[in-house]
Amino acid sequence: MSVVTRFAPSPTGFLHIGGARTALFNYLFAKHHGGRFLLRIEDTDRKRSTDEAIQAILHGLSWLALDWDGDETYQSHNADRHREVAEQLLAEGKAYRCYCTPEELAEMREKARESGGSTRIYDGRWRDRDPAEAPAGVDPVIRIKMPLDGETTIADLVQGEVTRTNDTLDDFIILRSDGSPTYMLAVVVDDQDMGVTHAIRGDDHLNNAFRQHHLFAACGWETPVFAHIPLIHGADGAKLSKRHGALGVEAYEEMGFLPEAVCNYLLRLGWSHGDDEIISRDQAIEWFDLANVGRSPARFDMDKLSNLNAHYLKDAAPLRLAAIILADAEAAGTTVSPAAEERLVAGMPGLVSRAKNTHELYDLSKFYLSDTPITMNNKARDALDGDGAHEVLSALAERLGEATSWNEDALDGIAREFAESRDMKLGKVAQPLRAALTGSNVSPSIFEVMAVLGRDETLARLENARN
RNA sequence: GUCCCCAUCGUCUAGAGGCCUAGGACACCACCCUUUCAAGGUGGAGACACGGGUUCGAACCCCGUUGGGGACGCCA
């Protein structure tokens with residue numbers, strides 16, 4: 001049997017980080033087994049679904065490189081099919097029309113809570129009632145008949161065997177009074193029609209699994225294998241909710257994170273492979289296994305994500321990073337000369353170990369991006385105004401002008417020789433030099449900077465700093 | 001309230017009865033490296049929620065307590 005998984009978000013908000021992890025696990029599980037990973041947009045609630053949210057989900061998944069197989073399906077397009085199944089169930093006596101009003105339901109809810117708080121709300125009053133007694137002018141809903149006694153056990157790939165007595169399950173609605181299918185019905189029918197073999201989702205759906213299992217059975221279909229993964233919690237331990245700072249994946253993109261860092265982080269949240277921390281996509285596909293998914297919720301830790309991001313930044317190709325930085329520069333309205341662009345790429349190795357995200361990288365790279373009259377920060381100005389800095393720089397510039405080769409090692413040698421000849425500490429030479437060349441007191445190795453800048457630009461900045 | 005799930009350093013986790021005086025990672029501290037800042041290297045502090053069993057032996061198995069989470073919609 002070939003494995004088919006699906007990610008089924010409802011487009012009522014953005015693709016949040018928990019959803020991204022659910023998608024990741026579905027993707028990995030399918031790929032690990034050589035199966036297919038499908039995407040289904042659960043837009044049965046037409047009022048709350050937005051096109052904007054759909055685009056955000058599609059974009060988020062693409063950014064994370066969680067490519068789904070085939071076209072995405074839209075649940076709302078299958079409403080006729082859902083209705084047909086409901087009617088079929090009705091014809092077979094496995095479902096029935098219920099004429100209860102919202103007020104009656106509210107009463108039942110109240111009653112259930114008062115008399116011990118049972119989970120079973122609806123009392124099944126229309127289950128065996130003669131339809132002839134139906135009140136006029138009330139559009140009925142269709143409810144599925146759930147077993148009255150006994151118990152149901154779900155063999156969950158993550159949670160293990162979970163058993164629940166059937167008297168806690170009430171006859172739930174599968175078709176609304178306006179004829180539209182509910183989520184419960186739509187999920188079951190679509191999973192069946194799409195050939196889904198494994199439903200991997202957040203464990204907030206664990207309770208639904210019992211209901212859906214009986215719906216599958218009523219339809220005469222085999223229930224897919226369930227895997228309910230724990231939710232991601234915020235730093236405070238509570239469910240990561242929208243109002244609680246849960247961000248869409250696009251927010252992480254905007255914060256300067258790399259998609260592979262986000263995926264790696266999400267993968268290790270609740271799943272592990274021995275002591276491995278840095279895991280590539282290929283390794284993840286090879287190693288991923290639902291059996292190693294933990295059963296307890298994990299808290300989201302921005303520091304660890306940042307650390308992983310710093311790691312992947314160091315691994316990333318300079319050209320790719322340069323493109324991201326140039327986009328930042330463009331957004332800031334900065335024009336970058338071709339020469340500066342070259343410097344940026346050449347200087348990337350020295351920049352990248354100093355940044356945790358692409359915005360920091362952008363900030364760090366500004367002295368490469370601009371041409372000669374560069375902006376100076378206060379500390380750089382102080383260094384330049386310091387005792388004899390101008391004189392040191394001018395003497396060094398002269399010495400540099402005579403350099404026969406222009407590379408990091410040679411430059412390093414020249415500077416050391418120069419400092420020694422004047423009985424100065426290297427730092428006394430390097431700091432003013434750094435200030436003049438980068439406009440800052442902090443930068444990559446100043447010799448690397450000179451090598452990247454080239455002789456002309458270096459000398460020009462030195463000249464400029466003395467004026 | 002009812003049902004379901006969970007419980008190892010601050011956080012993510014390894015651990016599937018003896019390999020555990022509990023390992024790794026992030027964060028934290030110190031030192032080293034060093035022209036600055038990072039990165040890197042070395043070291044340090046830091047956990048089996050509690051109480052009962054079972055067993056020659058329990059972080060691992062069972063029960064209970066406590067704590068946390070999730071679900072109880074004509075939302076998904």
Side-chain angles (χ1 to χ4, degrees), chain A residues 8-12 42-45 47-49 75 98 100 102 105-106 109 112-121 139-143 154 156 158-160 162-165 167-170 172-178 180 182-184 186-187 202-210 228 230-231 233 235 237-239 265 268-278 294-308 310 314 350-356 360 364 379 383 412 415-416 419 425-431 433-435 438 440-447:
Chain A
S10 60
T12 53
E42 309 228 314
D43 54 352
T44 45
D45 187 346
K47 285 176 290 257
R48 293 203 299 154
S49 301
Q75 197 155 57
C98 166
C100 286
L105 256 13
R109 224 183 311 277
R113 195 159 288 248
E114 276 173 10
S115 62
S118 165
T119 312
R120 189 179 223 166
I121 306 296
D139 290 327
V141 297
I142 296 181
R143 290 182 183 269
I154 298 288
D156 191 283
V158 171
Q159 306 291 337
V162 185
T163 300
R164 202 169 152 172
T165 56
D167 59 12
T168 62
L169 269 17
D170 57 11
F172 60 91
I173 296 171
I174 56 176
L175 203 71
R176 301 188 184 104
S177 53
D178 66 357
S180 65
T182 60
Y183 158 81
M184 281 304 174
V187 166
D203 76 7
D204 48 340
H205 284 291
L206 184 58
N207 290 291
N208 292 334
F210 293 92
H228 290 93
L231 266 15
H233 286 185
K239 182 184 179 182
Y265 176 70
R268 280 288 289 101
L269 212 51
W271 178 85
S272 60
H273 182 266
D275 284 339
D276 294 305
E277 296 286 347
I278 303 296
R295 285 125 296 167
S296 56
R299 298 183 189 206
F300 190 84
D301 180 4
M302 193 63 98
D303 282 342
K304 189 145 184 175
L305 208 208
S306 277
N307 176 270
L308 243 13
K314 283 174 216 134
L351 259 18
V352 86
S353 67
R354 293 169 168 78
K356 287 206 180 299
E360 285 184 14
L364 253 22
K379 294 216 168 136
D412 185 317
R416 276 173 208 282
K425 286 203 165 186
L426 185 56
K428 284 286 181 192
V429 176
Q431 275 312 95
L433 188 55
R434 187 185 318 283
T438 71
S440 168
N441 55 316
V442 171
S443 85
S445 157
I446 199 59
F447 309 120

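Naming: A, B, ... by sequence-line order, numbering from 1 per chain. Here the structure is a predicted model, which is why all the values come from computation and not from measurement.
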Checking B:G70, B:C26, B:C4 against the side chain of A:Lys304 (C-beta onward), the nearest is B:C26
Output yes when at least one side-chain N/O atom of A:Ser445 is less than 4.0 Å from OP1 or OP2 of B:U35, else no.
no
Separation of atom CG in A:Asn208 from atom P in B:A76, rounded to whole Å:
11 Å
Please confirm whether any donor atom in the side chain of A:Ser353 sits under 3.5 Å from an acceptor in the base of B:A38, or the reverse.
yes
Any strand, both distances under 3.5 Å, Watson-Crick or G-U wobble: B:C19 pairs with none
Please compare A:Trp271 and A:Gln431 by the position of their nearest nucleotide in RNA chain B and report the one closer to 5'.
A:Trp271
Can you check whether A:Thr165's main-chain N or O pairs, donor with acceptor, with A:Thr168's side chain at less than 3.5 Å?
yes
Between CD1 of A:Ile173 and C1' of B:G73 the distance, given in whole Å, is 8 Å
Pairing partner (Watson-Crick or G-U wobble, both distances under 3.5 angstrom) of B:G57:
none
The side chain of A:Asn207 lies closest to which of these nucleotides: B:C4, B:A7, B:G40?
B:C4
Backbone of A:Gly427 reached by a side-chain donor or acceptor of A:Gln431 within 3.5 Å
no
Nearest to the side chain of A:His205 - B:A14, B:U35, B:A76?
B:A76
Rounding to an integer number of Å, can you tell me how far A:Ile142 CD1 sits from B:C74 C1'?
12 Å
Consider the side chain of A:Ser272, meaning its heavy atoms from C-beta on, and name the nucleotide among B:A71, B:A14, B:G40 that approaches it most closely.
B:A14
Let's test your reading of the model: under 3.5 Å, does the base of B:C37 pair with the side chain of A:Ser443 as donor and acceptor?
no
Looking at B:U2, does its base get a donor-acceptor pair with the side chain of A:Thr168 below 3.5 Å?
no
Using atom CG of A:Asp203 as one end and atom P of B:G68 as the other, report the distance to the nearest whole Å.
18 Å
Between atom CZ in A:Arg164 and atom P in B:C5, what is the gap in whole Å?
10 Å
Per A:Arg434 side chain, nearest of listed nucleotides B:C26, B:U35, B:A76:
B:U35
Taking any heavy-atom pair under 4.0 Å as a contact, classify A:Arg299: base, sugar-phosphate, or nothing.
sugar-phosphate
Taking OP1 and OP2 of B:U2, is either one under 4.0 Å from a side-chain nitrogen or oxygen of A:Arg120?
no
Side chain of A:Arg354, heavy atoms from C-beta onward: which of B:U36, B:C5, B:G24 has the nearest atom to it?
B:U36
Is there a donor N/O on one and an acceptor N/O on the other, under 3.5 Å, for the side chain of A:Asn307 and the base of B:A25?
no
Going by purine N1 to pyrimidine N3 plus the second Watson-Crick contact, or the G-U wobble pair, all under 3.5 Å, which nucleotide sits opposite B:A71?
B:U2
Tell me yes or no: between the side chains of A:Arg434 and A:Ser443, is some donor less than 3.5 Å from an acceptor?
yes
Side chain of A:Asp275, base of B:G23: donor and acceptor closer than 3.5 Å?
yes
Looking only at the side chain of A:Arg268 (C-beta and beyond, no hydrogens), which of the listed nucleotides B:U13, B:U35, B:C4 gets closest?
B:U13
Could you check which of B:C5, B:C6, B:G73 has an atom nearest any side-chain atom of A:Pro297?
B:C6
From the candidates B:G73, B:U36, B:A76, the one with an atom nearest any side-chain atom of A:Met184 is B:A76
Kindly indicate whether the side chain of A:Thr182, heavy atoms from C-beta on, has any atom under 4.5 Å from the side chain of A:Leu175.
no
A:Arg120 and A:Asp167, any side-chain heavy atoms less than 4.5 Å apart
yes
Identify which nucleotide among B:C6, B:A76, B:A39 has an atom closest to any side-chain atom of A:Lys356, counting heavy atoms from C-beta outward.
B:A39
Strand partner of B:G40, provided both Watson-Crick or wobble distances fall under 3.5 Å:
B:C32
Please figure out whether A:Thr163 or A:Ile446 has its closest RNA chain B nucleotide nearer the 5' end.
A:Thr163
Under 4.0 Å, counting only non-hydrogen atoms across every strand here, what does A:Ile121 touch: a base, just sugar-phosphate, or nothing?
sugar-phosphate
Would you name the heavy atoms of A:Pro11 and A:Glu42 that are closest together and state the gap between them?
CD-O, 3.3 Å
Checking N1-N3 plus N6-O4 or O6-N4 for Watson-Crick, or N1-O2 and O6-N3 for wobble, each under 3.5 Å, the partner of B:C50 is B:G64
What is the distance, to the nearest angstrom, from the OH atom on A:Tyr265 to the C1' atom on B:C26?
9 Å
Can you tell me if the side-chain N/O atoms of A:Arg416 get under 4.0 Å from OP1 or OP2 in B:U35?
yes
Is the distance from the ring center of A:His205 to that of A:Tyr183 below 6.0 Å?
yes
G-U wobble or Watson-Crick pairing nucleotide for B:C26 (cut-off 3.5 Å, both distances)
B:G10
Between A:Phe300 (CZ) and B:A27 (C1'), how many Å, whole number?
15 Å
How long is the line joining CD of A:Glu277 and C1' of B:C12, in whole Å?
7 Å
